[in-house]
Number of protein chains: 2
Amino acid sequence: MAGHGARGRSGGRPTLEEVAARAGVGRGTVSRVINGSPRVSDATRAAVEAAVAELGYVPNTAARALAANRTDAIALVVPEPETRFFAEPYFSDILRGVGAELSDTEMQLLLIFAGSDRERQRLAQYLAAHRVDGVLLVSVHADDPLPDLLAQLEIPAVISGPRSAAERLASVDSDNYGGARSAVEHLLSRGRRRIAHITGRLDVYGAQRRVDGYRDALLDAGHAPDEGLIEAGDFTEESGRSAMAALLERRPDLDAVFAASDVTAAGARQVLREAGRRIPEDVALVGYDDSAIARHMEPPLTSVRQPIVEMGRAMIDLLLTEIADRRPAASRGLERQQVVLATQLMERASS
Amino acid sequence: MAGHGARGRSGGRPTLEEVAARAGVGRGTVSRVINGSPRVSDATRAAVEAAVAELGYVPNTAARALAANRTDAIALVVPEPETRFFAEPYFSDILRGVGAELSDTEMQLLLIFAGSDRERQRLAQYLAAHRVDGVLLVSVHADDPLPDLLAQLEIPAVISGPRSAAERLASVDSDNYGGARSAVEHLLSRGRRRIAHITGRLDVYGAQRRVDGYRDALLDAGHAPDEGLIEAGDFTEESGRSAMAALLERRPDLDAVFAASDVTAAGARQVLREAGRRIPEDVALVGYDDSAIARHMEPPLTSVRQPIVEMGRAMIDLLLTEIADRRPAASRGLERQQVVLATQLMERASS
DNA sequence: ATCACTTGTGGGAGCGCTCCCACAGTACCT
DNA sequence: AGGTACTGTGGGAGCGCTCCCACAAGTGAT
């Protein structure tokens, strides 16, 4: 490990200049070695590297940032005010993917919460100050002004998960449409015919796509869409309960429920139990997210798994590319990269 | 929101100097206003503030960090290599508390993963470079060299959760001992007498303290300690399964199990079910953490809740105090602050 | 020998702040 | 009147880098 303790004058950390003196070269040359420039002779490079090692030199980030006008930091912005967001593995998994991918680089990760208005205010200041080289945006709502702000400030950004179609930023998403389709097709293949759907927050683009997938799967199998089998929810457990109660009242003959999240499914399950319906005998249940809850539910819940860790990785890839590609706005294409990753249906006892 | 677009020369953001010119004062005066120095007349302050607003001035962090030799950033270090860590609410909740408390300050939060060796290497560089003003350390293992490194580099740090007794750093912890006691006392009050304990990783200090609480609760109630009722686990679900199997084999007459985590309890529950034991009629079950799993388990799991959000807050408080108190090492007391927060038993149907 | 490149190197200028010394102005004592 | 103190202010110096221009030395063509 670096850091041998006090050296030079008064315990200060060594500077470029000190390394240069030690190696018997100039400041510029040390800088070139540190930054991997090819225009350095092998002998000089070796001498500098030796000096760096001897002194335990570590570049001063602040000085570098000031001189080079970049920060070597990216921000992960969490615009979610709700607790729910944290309780689910989604966030943690994204973070794992991001962290794994980032550990190969010099970039550091800033975590910024933008739930409250005051936090948003602070975030706007941050961005205006260009305190980061790029931004990762997770879980954006349809009316969120953040993507526009980012585009306007010309800060490289990648948004994850549910996103509006008109977005100007690069994005990484899982295939909500396909995931929903696979869930419904699975239920159909199990002989279910009156399949209900409890939606997520419909102002979240991804929730909308899941509804589309649900509808198309039924249509393609030759079933007329029955709007009475669709009930709006908002991803929460409570909405699962109330939606399920409404559905049971309206369509007591339903034989399957596809919920837009596992927690919603958990709420639905509770109401089904209380109504005396057995799972999966009377009503099959499928969730979305494949969270810990799904595995521990009774019975274990069939659920659509999103490749969240991979999404984190993909986001970083995209963002770093965009940061590296930095060039005059004029030459930038309008087309932003968009990555969509496949989901996987985890079949369990609930269906 | 700040940022009116291009101004001054070539779209650059305004500098202190520009603000000073606009307000008709000197650079130093603007700096004093920005930093809230009291030695500025009201009239001057108002003029500067107007200029700041007009220009949409935001201080350049890098320049400030370079000149003042501080970074206004703290790092949250996650030394956990395991996935488990993320899957549980512990991490997210700490983050919530930290984020909430931090949004009142100018500090930014850096997230650093130190699971792999390469990541640890990078971390050591970070710390050596003093890229942060302080460090938050969560979930440290007994033999971890990080706390020592931090103490040696004299970087303010606060460690959370399970910690070794000999630590030189400030710490915030929940009352593992008391939490375990309350769980066991609860089981005793329900008439259980042969109470088993599946431990957590015993190299984690907190897991050890839970064992102590378990033992003392039994002792104080006049029950001789029965080591055969204690089985080592490591917080995982798998360890819950194997430990439970071992316990059932050794002590088929047990009537209660206190597990060191909810996931472990989930594993135990599975084995109990397969063995035909009813919960809670035959065997009462209590977990630890009060995670989402506890609420969704069948039956819902009684669990010890740690005030994790409050722990996050307390950590920040301690850390900021320590950063503000920065002074020559000589004058520092050896005694570091230590905060212990009470737990709460969430009683549910499993006991 | 001259010119034109190329390669490697040194070091000045400057990034935007904070720190601190100098000093004008005012107030209150002797 | 002179001294002493305090308040408010301006601006030089310097933080540790990167960028880039200048230039020495070498290489090969004319």
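Below, chain A is the first sequence line, B the second, and so on; all start at residue 1.
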Over how many whole Å does the gap from H130(A) atom NE2 to dC17(C) atom P extend? 14 Å
Backbone N/O of T71(A) and side chain of D133(A): donor-acceptor pair under 3.5 Å: yes
In whole angstrom, what separates L66(A)'s CG from dT18(D)'s C1'? 10 Å
Indicate yes or no for a side-chain donor-acceptor contact from E119(A) to the backbone of S116(A) under 3.5 Å, with no hydrogens or angles considered. yes
Would you say the side-chain atoms of R96(B) pair up with the backbone N or O of V309(B), donor to acceptor, closer than 3.5 Å? no
Across nucleotides 9-14 of chain C, 5' to 3', mark each nucleotide with B, S or - according to how protein heavy atoms within less than 4.0 Å reach it. BBBBBB
Spacing between D42(B) atom CG and dT7(D) atom P, to the nearest angstrom: 14 Å
Check whether S31(B) reaches the backbone of R27(B) with its side chain - one donor and one acceptor, N or O, closer than 3.5 Å. no
Please give, in whole Å, the distance from dT18(D) P to E17(A) CD? 12 Å
What is the distance, to the nearest angstrom, from the CD1 atom on I34(B) to the P atom on dG16(C)? 15 Å
Whether the side chain of R22(A) engages the backbone of A51(A) through a donor-acceptor N/O pair (distance < 3.5 Å, no angle test) should be reported. no
Which is it for T15(B) and N60(B) under the side-chain contact (heavy atoms from CB on, under 4.5 Å) test, yes or no, and what are the steps along the way? CA-CA 8 Å; T15(B) 70; N60(B) 179 317; over 6 Å; no
Give a yes or no on whether the backbone of S37(A) and the side-chain of N35(A) come within a donor-acceptor separation of less than 3.5 Å. no
Interatomic distance, R70(A) CZ vs dT18(D) P [rounded to whole Å]: 7 Å
What is the distance, to the nearest angstrom, from the CG atom on N60(B) to the P atom on dC15(C)? 11 Å
Which is true for N69(A) with a 4.0 Å heavy-atom rule: it touches a base, it touches only sugar-phosphate, or it touches nothing? nothing
With respect to S103(A), which candidate in R122(B), Q121(B), R118(B) satisfies the side chain to side chain donor-acceptor pair (under 3.5 Å) definition? R118(B)
Rounded to whole Å, please give me the gap between CZ in R13(A) and C1' in dC15(D). 11 Å
Overall bend of the helix from dT2(C)-dA29(D) to dC29(C)-dG2(D) (five pairs an end, 10° steps) is 50°
Return yes if some donor-acceptor pair links the side-chain N/O of D72(A) with the main-chain N/O of M107(A) below 3.5 Å, else return no. no
